[in-house]
Amino acid sequence: MKKLILKLSKILGIIILIIALGSLGLWWYFNVTFLNFEKDFAEQKSIKNLTLNEYTFSDRNQNGKLDIFEDDRKSIEERVEDLIIRMTLEEKIHLLKGSGLGSAIGDKNSEVPGAVGTIVSTPRLGIPSVYLSDGPAGLRIHPKRDDKNRTYYCTAFPIGSQLASTWNTDVIYDIGSAMGSEAREYGIDVILGPGANIHRHPLCGRNFEYYSEDPVLSGIIGASMINGIESQGVGSAVKHFVANNQEASRNINDAIISVRALREIYLKGFEIIVKKSQPWAIMSSYNKINGTYVAESKDILTDILRGEWDFQGLVMTDWFGGNSAPLSIAAGNDLLEPGTRRQWEALLDAAENGSLSEADINTSARRILKLILKSKKMESYQYNNNPDLKSNALLSKKAATEGIVLLKNKSVLPFKNSKNVALLGVTSYDFISGGTGSGDVNEAYSISLEEGLRNLNYKINNKAKSLYEVHRDNNKDKFVKPEGFMAMFNPYFPPRISYTDQEIKEIVSSSDIGIITIGRISGEGADRAVRDDFLISEIEKNMIFQVCEAYNKENKKVIVVLNIGGVIEMSSWKDKPDAILLAWQGGQEGGNAVAEIISGKENPSGKLPMTFPIALDDHRSNSNFPLEGGTVELSNFISNSSEEKLESEKIKNKDYTNYNEGIYVGYRHFDKEKLDVSYPFGYGLSYSSFKFEDSNLFLDKNTIKISLKITNTGEYIGKEVIQVYSSISSSKIDRPDKELRTFHKTEKIFPGNSTDVELEIPKNDLSFWSEKSSSWELEPGEYKFHIGSSSRDIHIIESFEIK
Ligand code: BGC
């Protein structure tokens with residue numbers, strides 16, 4: 001027996017040793033490949049003067065001995081050319097990839113811990129490192145560092161879909177400026193956002209980061225955001241270019257799309273963004289399109305983006321994206337992020353054997369140098385690590401309030417005088433500020449609905465609150481909020497609560513009104529599922545039905561607040577509550593924003609940037625989307641390669657996805673098929689009402705100009721969004737019933753007052769993409785302009801003949 005135990009413990013010892021050595025080896029491999037490969041590799045390859053230590057740019061400008069590249073009186077182009085001549089080929093190749101993930105996951109040398117990427121320095125020439133950081137709802141850096149006596153929190157702004165729901169370009173510009181100023185003061189030079197992918201299907205796990213199912217809304221909102229960010233001397237990298245519309249297998253997924261749909265839907269938003277804001281950078285997406293990785297597509301990254309749209313900035317890969325480093329550079333993907341040792345090696349080899357030309361290397365190096373020369377880092381800007389978080393929180397609340405959409409109101413809101421509010425559902429107390437993944441923000445605090453209502457002096461019903469507390473105490477381990485890096489990939493979603501009839505009875509009798517919050521969270525790495533996510537769960541359904549019935553019996557009202565990041569099913573329950581507020585995930589001030597709308601301190605003016613369908617299957621894309629909540633495979637993510645499978649082995653919606661719906665995405669499809677929906681695109685109620693009148697439409701050179709008068713016919717001060725859709729009366733080709741062409745949100749209009757609104761549509765915006773001629777074509781004919789307050793609430797139709 002003793003012998004046996006001895007033998008077993010020996011075997012165990014050996015196993016432990018093997019595991020330990022294996023892990024050590026793996027860690028070493030990971031370290032030299034992805035994290036700290038810069039220095040080691042540089043030494044091995046005897047590339048001189050490479051160090052990760054930050055170079056302090058000398059002040060030689062003062063003493064008259066200037067090299068051209070240092071002379072900031074010269075144009076950036078001249079300075080870049082001077083650098084290109086001075087740099088060795090190795091130095092230029094070195095520039096084409098970042099320094100790895102070190103800064104993101106704990107490199108002590110990182111100047112900005114938590115920055116997820118870098119552009120490397122060239123110390124010999126005084127070219128500093130530039131830091132890149134996520135993302136669409138606010139900056140993401142580590143909130144805590146070794147200096148224990150202070151923090152580095154950032155403002156959590158509302159999610160992209162909520163920002164789009166404002167339809168307010170001024171508000172978005174201000175949010176961009178705030179985000180840009182935070183980046184600047186934390187030493188970040190490029191923000192990895194905004195996200196401008198199209199909501200092709202409601203279950204894409206990252207839809208919350210993106211704006212809309214419509215390219216014009218996405219493009220206009222995205223451009224305002226970028227103009228705001230870049231007004232602060234900080235760049236933005238709009239992402240994910242293009243057609244990254246699912247998370248499932250995103251690193252290998254081949255999106256099979258017609259050229260027309262690509263042009264009119266998926267590229268269009270980015271095209272508007274490039275033309276209206278010229279971002280410093282664009283991030284290419286992971287996926288393939290029609291067989292080619294976007295990261296390696298010369299057609300998309302060079303011919304269309306630069307050739308046709310005149311994009312002047314740089315293109316970077318998504319993190320570990322693309323397949324072949326040399327092919328990516330040759331295609332016009334200038335910067336490989338976050339950069340790996342393998343990519344560096346591949347670029348050096350390709351340069352040596354001639355498969356990557358020096359001209360291509362120079363082209364990409366030029367674009368990267370241009371960005372560096374524009375950066376605050378190059379100016380040796382002394383950032384203060386103290387952005388104005390207080391003012392930015394106020395801006396965040398303003399945007400959240402404007403982005404809340406009032407979906408239903410049976411004379412219950414605003415709700416001013418009642419005192420005791422019963423909050424039902426866990427999310428009322430654990431309000432969700434945003435999604436997870438790289439779109440997550442490390443904010444200092446997040447205001448729940450409960451806190452928001454308290455801040456406006458509402459009394460929170462004790463019975464409902466104590467039931468929540470008991471539920472929380474009974475599930476302690478599931479109520480632990482992950483922090484920092486862990487929060488990125490662990491959606492905090494504590495178990496839902498159910499109430500007995502008796503409990504509800506007591507809540508109803510002790511309160512004046514009930515508010516039920518329905519919460520959802522999703523994020524990078526996975527798509528959403530149908531069950532318990534798109535569809536409300538049994539517990540939620542019972543809660544809504546029971547609570548509404550009990551309150552209505554007592555002649556009291558119920559409001560449902562949707563604290564969600566994406567579309568959910570509503571037709572099975574939306575007739576139950578008296579009011580429904582789509583609060584989205586409003587950032588750190590979300591709870592305050594909802595309270596301001598509930599109280600009537602602010603009048604809702606948000607409009608849906610996407611359709612809420614009756615059933616998921618009503619979407620034409622539904623038969624070609626991974627409905628089971630598919631995920632990103634880690635192996636594809638890290639290894640950066642996809643094994644080429646035989647055609648017959650490829651799995652639908654994973655290896656490839658057919659975009660059979662073509663241009664019929666969102667309302668374009670619902671309108672064409674005349675389908676009923678829960679809530680249409682562009683929809684949103686106000687506490688007031690507005691009259692559209694005195695319209696006029698004419699052609700001025702090549703621009704269609706529309707003017708009209710909007711009058712507030714209600715009793716509350718409020719804003720209205722004027723939406724203009726176009727259609728053509730008879731077309732030779734298949735065209736949508738109507739398409740959004742432009743929009744305008746008014747300032748606040750007082751009751752009884754009017755405001756004049758002017759809108760413009762360049763005539764060429766009415767063109768369609770002809771696959772026959774491979775170009776945009778403007779069909780002659782009679783065009784109708786549907787002017788309304790939603791895609792299905794048209795107040796005026798104007799016609800115009802194009803000859
Ligand atoms: C995401 C990007 C993000 C990058 C850096 C990638 O996984 O797709 O959106 O900017 O990581 O965090």
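All ligand and atom numbering here is 1-based and tracks the order in the structure.
Shown are Arg306, Lys370, Lys92; of these, the salt bridge (charged side-chain N to carboxylate O under 4.0 Å, His left out) with Asp334 is made only by Arg306. If you run side chain to side chain donor-acceptor pair (under 3.5 Å) between Asp655 and each of Lys650, Lys645, Lys288, only Lys645 comes through.
Residue-ligand proximity, Lys239 to ligand 1, at heavy-atom distances under 4.0 Å covers atoms 2 (C), 3 (C), 9 (O), 10 (O). Near Arg250, with a cut-off below 4.0 Å to any heavy atom, the atoms of ligand 1 are 7 (O), 8 (O). For ligand 1 and Met283, the ligand atoms under 4.0 Å from any heavy atom of the residue are 10 (O). Less than 4.0 angstrom separates some heavy atom of Tyr286 from each of these atoms of ligand 1: 6 (C), 7 (O), 8 (O). The atoms of ligand 1 that sit less than 4.0 Å from any heavy atom of Val116 are 5 (C), 12 (O). Here is the list of ligand 1 atoms found below 4.0 Å of a heavy atom in Arg206: 1 (C), 2 (C), 8 (O), 9 (O). Heavy-atom contacts of Ser438 reach the following atoms of ligand 1: 1 (C), 2 (C), 3 (C), 9 (O), 12 (O) (cutoff under 4.0 Å).
Neither the backbone nor the side chain of Glu209 comes within contact range of ligand 1; no heavy atom lies under 4.0 Å. Of all the heavy atoms of Arg140, the ones lying under 4.0 Å from any atom of ligand 1 belong exclusively to the side chain. Within the 4.0 Å heavy-atom criterion, neither part of Glu337 lies near ligand 1.
For Ile141 against Ser133, the heavy-atom pair with the smallest separation is CG2-OG, 3.7 Å.
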### Message
Assess the residue pair Glu345 and Arg342 against the criterion (salt bridge (charged side-chain N to carboxylate O under 4.0 Å, His left out)); give the C-alpha distance rounded to whole Å, side-chain angles, the decisive distance to 0.1 Å, and a yes or no.
### Response
CA-CA 5 Å; Glu345 237 157 359; Arg342 189 184 326 169; over 6 Å; no
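Side chain to side chain, Ser297 and Thr292 fail the donor-acceptor criterion of an N or O pair below 3.5 Å. In this model, a donor atom of one side chain and an acceptor atom of the other lie less than 3.5 Å apart for Thr657 and Asn253. For the residue pair Glu111/Ser129, the side-chain donor-acceptor check at 3.5 Å is not satisfied.
The shortest N/O to N/O separation between Trp319 and ligand 1 does not fall below 3.5 Å.
For the side chain to side chain contact (heavy atoms under 4.5 Å, CB included) test, residues two or more places apart in sequence or in another chain that qualify with Asn563 are Thr427, Phe431, Ile432, Thr517, Gln585.
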